[in-house]
Amino acid sequence: MGENKQIEQKRVDEVREQIAGEISKLEQETSKRKDEVVHIRKYFWDEVKINTDTFDDYLETILGLRQEAQALAVSQSSHRQASKRLATLKRMERSPYFGRIDLREEGADRTEQIYIGIAALMDESGEDFLVYDWRAPVSSVYYDYQPGAVSYETPGGTVNGVLEKKMQFLIEGGHLQSLFDTSLTIGDEILQQVLGKGSNKQMQSIVATIQQEQNEVIRHERSRLLVVHGAAGSGKTSAALQRIAYLLYRNRHQLNADQIILFSPNTMFNRYVANVLPELGEETMQQVTFQAYLNRRLGQSFDLEEPYDQLEYLLTAARTSDYAARVAAIEYKASIPFFDAVNAYRQSLEHTGMVFSDLLFRGNVLISRHELDERFYGTDVSLGFHNRLEKLLEWLIKEVKQRIKAEYTQPWVEEEMQLLSEEKYRKAHRYLAKKRGFKRADTADYEMEDDALARLLVHQKVKPLLKEIRAYSFIHINAIYKQLFQGEEQLKRWTNKPLPSNWEAICAATVAMIDSDRLAYEDATPYLYLQELIQGFQVNRAIKQIVVDEAQDYSPFQFEFLKQLFPATKMTVLGDFNQAIFSHAQETSDFHSLTSLYGPDKTKLIPITRSYRSTKPIIELTRRLVPNGDQIIPFERDGAIPTLTRVKTKRERHTQMAAQINRLKERGFSSIAVICQSAAESRNAHEALSEQLELKLIATSSTEYEQGTVVIPSYLAKGMEFDAVILYDTAVYQDESVRRLFYTACTRAMHELHLFSLGDDSRFLQRAIRDGVLIITKP
């Protein structure tokens, strides 16, 4: 092994020498390209002769502008590509590659040694690969096979061969630290080292440790919808981001990062994963939250409830009188029966039920809602719904322009004319002169008549109304949505499924919210979906790939909405039902309901059951917290058994907790989370613990993932990981509705998990205590 290490180190040195040479050339090139871009920007207009005297001069000017713009675009693109490659090479200089396979392809007369890294590298001749990109077809052999017969897919077809050896390297700063022969899975030794390190401030891309099941996620391309159902800590998000890097590489001539969107749980999570793609040499994609989209579409009309505000209500308002109705409303409005009812309701609007608004001009009714109703339902019913709406829109614009003529001679117009400032009068004069064909130099010769100015003033006043009409503001969406909530008999016209027992209370609460210009989170997507069904979907065909993380918290409404919004996209959906923290989660309990989105033949479900984040003792505890936890397979990484400390007073809890945090800090843990159930509990915990030590409070408004010791609500900790987790109080996790929230909080711990209980233990801990996977400690 020592001799092998020397040979391999020599190769590392040779490859690094090649990398250094390429870096030197690229640094000169990027500097040159940057200078070109700066020069073109600085002297852009000097290079173009502006002349519009004749058509030929005008055409020459346009062509000159276009030529200079193209030169700038080419230089910018070249500089961007060179800079991107330079950044990748500098990462490779520290660790040129991480794996090697010895592969003899069928029909070949020799075995080829293939080294695999984060990007490809050629030798000086440009003919042979020194390093293959981890996304190249042949690299899949490294992740998927043990020595023996292998095959892999290429654009030219299937290649068969024999894998004779598979090796893995750990290279840091150009020094080969260790090398291993590996078999079916990527070497446990290196994975142990990676997982054994402390939590980084941001998620890291570790392509060297991709497992076979994760590789299937990364390279799958056939299905329109890929559903990844994985346990907490199984590497779902990491695999999805590496999947995006793979797709960008594989389809580099048809796909770019701007055509990909990641829907993530919150803005803090966006920062957490932001560096993964750049680490792999790719530009980062667009990252949004579903709520941000709702805010953009509905935020001007309503005060929208945030999803975490809804969750905070569910966690803290159980004793209020309207709680049961609100819980039932949240569950029902996210359900498939309600989704079907909304679709049936929209179909019924073709015959009756549309509600229109009066069109007002200066406070007076110009066209009444009754005229609109008669016009819409009086149109040939054989025409499609949207065709009839378009005809109504066309008639409306024409009718407004016709009726507005009666305003030309109204007294208010004369008053407006008298009150015009000198500047506005001159602007009107110039505008009308130009419209009459006067050249700019001759506008003084134009004599503006009062009736022409009157018409201009009226048309300017009516412009905002015409703009609103074109945006379908004459359709009273509020009233149309509220018609769904006019009582039990009303909704039963569109569904034969059972309604919640407290439907009348749900109806009253929904109508009251909308009448006060507020929209509950559970109403936002159904409301927008109905609006789009009526007005026509505002589709985005430019987006080719979307990734939905924490998909178990999305409702059928939201998935259907995304499908309609992005009709040209493929979708990757990641989730873990055991971490479903919202009330509607039973609708996507096993993600099989998603097969109806594009159909079973266009859907692929890949389960990932092995968990890598936490030590085996932590997973032995957490898998006992959920009904199907026995399916979760822990990675064989040893660690301390989780503890439960029972305290009698709040003061005792805070003293013991502070002491535990200090012990963890002394042992070198850099990221420690005190996880509370709600934001309210987090504020109280932070205030009490701040008297004894320094720690930060994470709230829904936080945008940066913090290192150090933090206090955080359980639902914001989703997707994150910490070296050590302290659960503030297990006693608040008793109801079945918070079981998965409890599981989510506990699975954030990488190395140590310590639970505290004031009063009763969580009933979900009974099995763990009985099985001896949780140590009870005395204060």
Side-chain angles (χ1 to χ4, degrees), residues 40-66 68-69 72 295-303 357-369 372 393-476 517 535 538:
I40 295 173
R41 285 175 176 169
K42 190 174 182 180
Y43 299 104
F44 187 92
W45 295 107
D46 295 347
E47 304 293 333
V48 181
K49 183 182 177 184
I50 305 296
N51 191 338
T52 59
D53 292 344
T54 68
F55 177 76
D56 287 343
D57 292 332
Y58 178 73
L59 185 61
E60 187 179 341
T61 297
I62 294 297
L63 290 173
L65 280 168
R66 188 175 180 182
E68 286 300 308
L72 178 59
N295 286 337
R296 186 166 70 82
R297 296 296 309 279
L298 298 173
Q300 291 183 329
S301 304
F302 292 101
D303 178 11
S357 302
D358 291 332
L359 285 180
L360 304 177
F361 182 72
R362 300 190 73 253
N364 300 315
V365 176
L366 189 64
I367 299 176
S368 74
R369 58 183 179 272
L372 293 171
L393 177 65
E394 290 169 6
W395 173 83
L396 201 48
I397 291 172
K398 187 176 179 181
E399 194 68 15
V400 167
K401 288 179 177 179
Q402 184 63 35
R403 295 189 189 189
I404 211 70
K405 292 177 180 178
E407 297 290 321
Y408 294 163
T409 56
Q410 293 299 312
W412 71 267
V413 181
E414 179 66 30
E415 290 175 18
E416 289 271 343
M417 290 166 62
Q418 297 297 330
L419 293 172
L420 275 179
S421 67
E422 187 67 28
E423 183 185 354
K424 287 184 177 179
Y425 185 87
R426 283 199 304 271
K427 279 186 177 179
H429 182 270
R430 284 197 302 271
Y431 174 80
L432 289 171
K434 186 178 179 181
K435 199 172 180 184
R436 295 293 185 276
F438 283 81
K439 291 187 176 180
R440 188 164 186 171
D442 302 327
T443 54
D445 298 336
Y446 170 66
E447 293 183 13
M448 184 168 63
E449 298 174 353
D450 284 352
D451 62 338
L453 180 58
R455 286 196 299 272
L456 177 62
L457 291 176
V458 171
H459 287 156
Q460 286 177 336
K461 285 285 185 185
V462 85
K463 262 185 180 179
L465 176 60
L466 291 172
K467 185 178 179 181
E468 289 178 7
I469 290 170
R470 290 187 179 97
Y472 290 102
S473 64
F474 57 91
I475 302 174
H476 201 327
D517 293 327
Q535 297 180 1
Q538 294 188 16

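In what follows, every heavy atom counts, from backbone to side chain, and hydrogens, waters and symmetry copies are set aside. It should be emphasised that the depicted structure is a prediction, and the values quoted were computed from it without experimental measurement. Residues take their numbers from the sequence shown, with the count starting at 1.
K461 is listed as a side-chain neighbour of E416, based on a closest heavy-atom distance under 4.5 Å. Within the 4.5 Å cutoff, the side chain of K401 has heavy atoms near those of the L466 side chain. In this structure, I367 and F361 have side chains that are not in contact, with every pair of non-hydrogen atoms separated by 4.5 Å or more. No side-chain heavy atom of I404 sits less than 4.5 Å from a side-chain heavy atom of L465. Counting heavy atoms from C-beta on, the side chains of Y472 and L393 come closer than 4.5 Å.
The shortest non-hydrogen separation linking M448 to L432 is SD-CD1, 3.5 Å. A pairwise comparison of heavy atoms in L372 and S357 identifies CD1-O, 3.5 Å as the closest pair.
For the atom pair NZ (K424) and CE (M417), the distance works out to 15.0 Å, reported to the nearest 0.5 Å. One finds the CG atom of D450 at 10.5 Å from the CG atom of L457 (value rounded to the nearest 0.5 Å). The distance from atom CD of Q410 to atom CG of N364, rounded to the nearest 0.5 Å, is 9.5 Å.
Other residues, nucleotides and ligands place no more than 12 heavy atoms under 6.0 Å from the OH atom of Y431.
Taking the side chain to side chain contact (heavy atoms under 4.5 Å, CB included) definition, one finds that E423 meets it with S421, R426, K427, sequence neighbours left out.
Using bins of under 30°, 30° to 60° and over 60° for the plane-to-plane angle, the ring pair H429/Y425 lands in the parallel bin.
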Would E394 and K398 count as a salt bridge (charged side-chain N to carboxylate O under 4.0 Å, His left out) here? Give the steps.
CA-CA 6 Å; E394 290 169 6; K398 187 176 179 181; over 6 Å; no

